[in-house]
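Taking it in order: structure first as structure tokens, then the write-up.
Quick caveat, the model's predicted, so the values are computed rather than measured.
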Amino acid sequence: MGLQGWRTLFDNFSIHVVGLDGNHIGVLQSVREIPGFLALLVIFVMLLLKEHKISALSIITLGIGVGITGLFPTYLGLIGTTLIMSLGFHYYETTCQSLTLQYFDEKKSPVVFGKLRSISAASNIAVGVFIFFLVPHLSFTALYLLIGGLIFLAGVWSLTQNPASDGITPQNKKMILRKRYWLYYFLTFMAGARRQIFVAFAVFLLVKKFNYTVQEITVLFVLNNIINYFLSPIIGKAIVRFGERKVLSIEYFSLIFIFLAYTIADSKFIVAFLYIADHIFFNFAIAIRTFFQKIGDVPDIAPSMAVGFTINHIGAVIFPIFGGILWMIDYRFPFIVGAILSLISLIAVQMITKQVKKSTFIKNEEKIIHGII
């Protein structure tokens, strides 16, 4: 709800109140991804706090960042509030992914991730309806304060909860980089780069070129999340049934054509359809995490999710600035780059089955050696 509320208001707030352009948006989106780039540091925070406590504090930080956004309607002000909001969001996402993979096995985790995406979609619908009806009556400042305040209170409540279990495997509290995880690292990097084309420029295209209002953006987000509410659990089950390679192949093959279609779309309804389709396939990316669960050692889950988030955001920090420069030359160029990234990812995911077999063999060998010892 916090992130969706911030995103729903962001483009209209940045264009109509702060007066930003494509190059500013590129920089801002890169700034937004810096805390994700620093997600690796959560490994050291785990030396002091349990992961579920880090999640709760992250939600509180997210609420503060969202709440104060409207109080600083300048370019530098937006950079500062975006950093705070993003710090909370990215540290929550890191610990959420880690805990899900720790508490659920290979057959259950894709389904759980799907259900979490579904719950997230329902939350996004709620905040979308909330914004739609309040936009005519409240200022951007009031809306940000209201949404941020609710998220802050939710974080405070979650600090009083203790869902921890002693039955899970203790996690390594140091940085883990293993050669046999290379494909996970590469796919994660490419996903971060590709995602930023969607996050930074798709909605900006809707507002800048097709003049979408806050209420129209809100309706689009609500429709998008209604679809994802029903589809996300199905995607999770599809990963279990068909495997990560097939699911990710469908995602990247489809995205090639979606990104290219952005470059020729001349109707606000067509570009809205592309946005919805783009977001549906974005949910397929949970297969990258469940792929790691099949090749990774259990004690490596928490540090590897943190390392993965950092790798994901190397591309996420670089590409919005690069894309912003390309946008100023021609708005089509960032989407062409997105199509190229999707093609490279499509080629890479064909190696998933081989990597899973290789890692399974290594794990079995280690078990035999450990048993002999």
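Heavy atoms of other residues, nucleotides or ligands lying less than 6.0 angstrom from NZ of Lys246 number 12 at most. Within a 6.0 Å sphere centred on CZ of Phe273, heavy atoms belonging to other residues, nucleotides or ligands number 12 at most. Atom OH of Tyr212 has more than 12 neighbouring heavy atoms from other residues, nucleotides or ligands inside a 6.0 Å radius. Atom CZ of Phe253 is surrounded by 12 or fewer heavy atoms from other residues, nucleotides or ligands within 6.0 Å. Within a 6.0 Å radius of OH in Tyr229, other residues, nucleotides and ligands contribute 12 heavy atoms or fewer. Within 6.0 Å of NZ on Lys108 lie no more than 12 heavy atoms contributed by other residues, nucleotides or ligands.
Between Lys107 and Asp105, none of the side-chain N atoms (NZ, or NE/NH1/NH2) sits under 4.0 Å from a carboxylate O, so this pair counts as no salt bridge.
By the 4.5 Å heavy-atom criterion applied to side chains, Leu159 and Lys53 are counted as neighbours. Using a 4.5 Å heavy-atom threshold, the side chains of Ile250 and Phe242 count as separate. Between Arg117 and Ile286, the closest side-chain pair of non-hydrogen atoms falls below 4.5 Å. By the 4.5 Å heavy-atom criterion applied to side chains, Arg178 and Asp300 are counted as neighbours. Here the side chains of Ser345 and Arg194 are not in contact, with every heavy-atom distance at 4.5 Å or above. Side-chain atoms of Phe104 and Gln293, non-hydrogen and from C-beta on, never get closer than 4.5 Å to each other.
Between Ile60 and Gly155 the shortest heavy-atom distance is CG1-C, 3.5 Å. Across all non-hydrogen atoms, the minimal contact from Ala265 to Leu274 is CB-CD1, 4.1 Å. When all heavy atoms of Gly70 and Thr141 are compared, the closest pair comes out as O-OG1, 3.0 Å.
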So Ile151 and Val66, side-chain contact (heavy atoms from CB on, under 4.5 Å) or not? Walk me through it.
-> CA-CA 9 Å; Ile151 305 308; Val66 172; 5.8 Å; no

Take Met85 and Thr69 through the test side-chain contact (heavy atoms from CB on, under 4.5 Å) and record every step on the way to the result.
-> CA-CA 9 Å; Met85 178 282 300; Thr69 297; 5.5 Å; no

Begin with the C-alpha distance, continue with both residues' side-chain angles, and end with the deciding distance and a verdict on side-chain contact (heavy atoms from CB on, under 4.5 Å) for Tyr262 and Asp278.
-> CA-CA 10 Å; Tyr262 273 121; Asp278 197 347; 3.6 Å; yes

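In this structure, the side chain of Ser86 does not engage the main chain of Leu83 through any donor-acceptor pair within 3.5 Å.
Taking the six-membered ring for Trp, Tyr144 and Phe13 have ring centres closer than 6.0 Å. Annotation: Tyr181 is not in aromatic contact with Tyr184 [ring centroid separation under 6.0 Å not met].
With hydrophobic clusters built from ILVMFWY side chains whose heavy atoms lie under 4.5 angstrom apart, Ile68 shares a cluster with Ile147.
Among Ile301, Thr290, Leu116, the single residue meeting the side-chain contact (heavy atoms from CB on, under 4.5 Å) criterion with Thr100 is Leu116.
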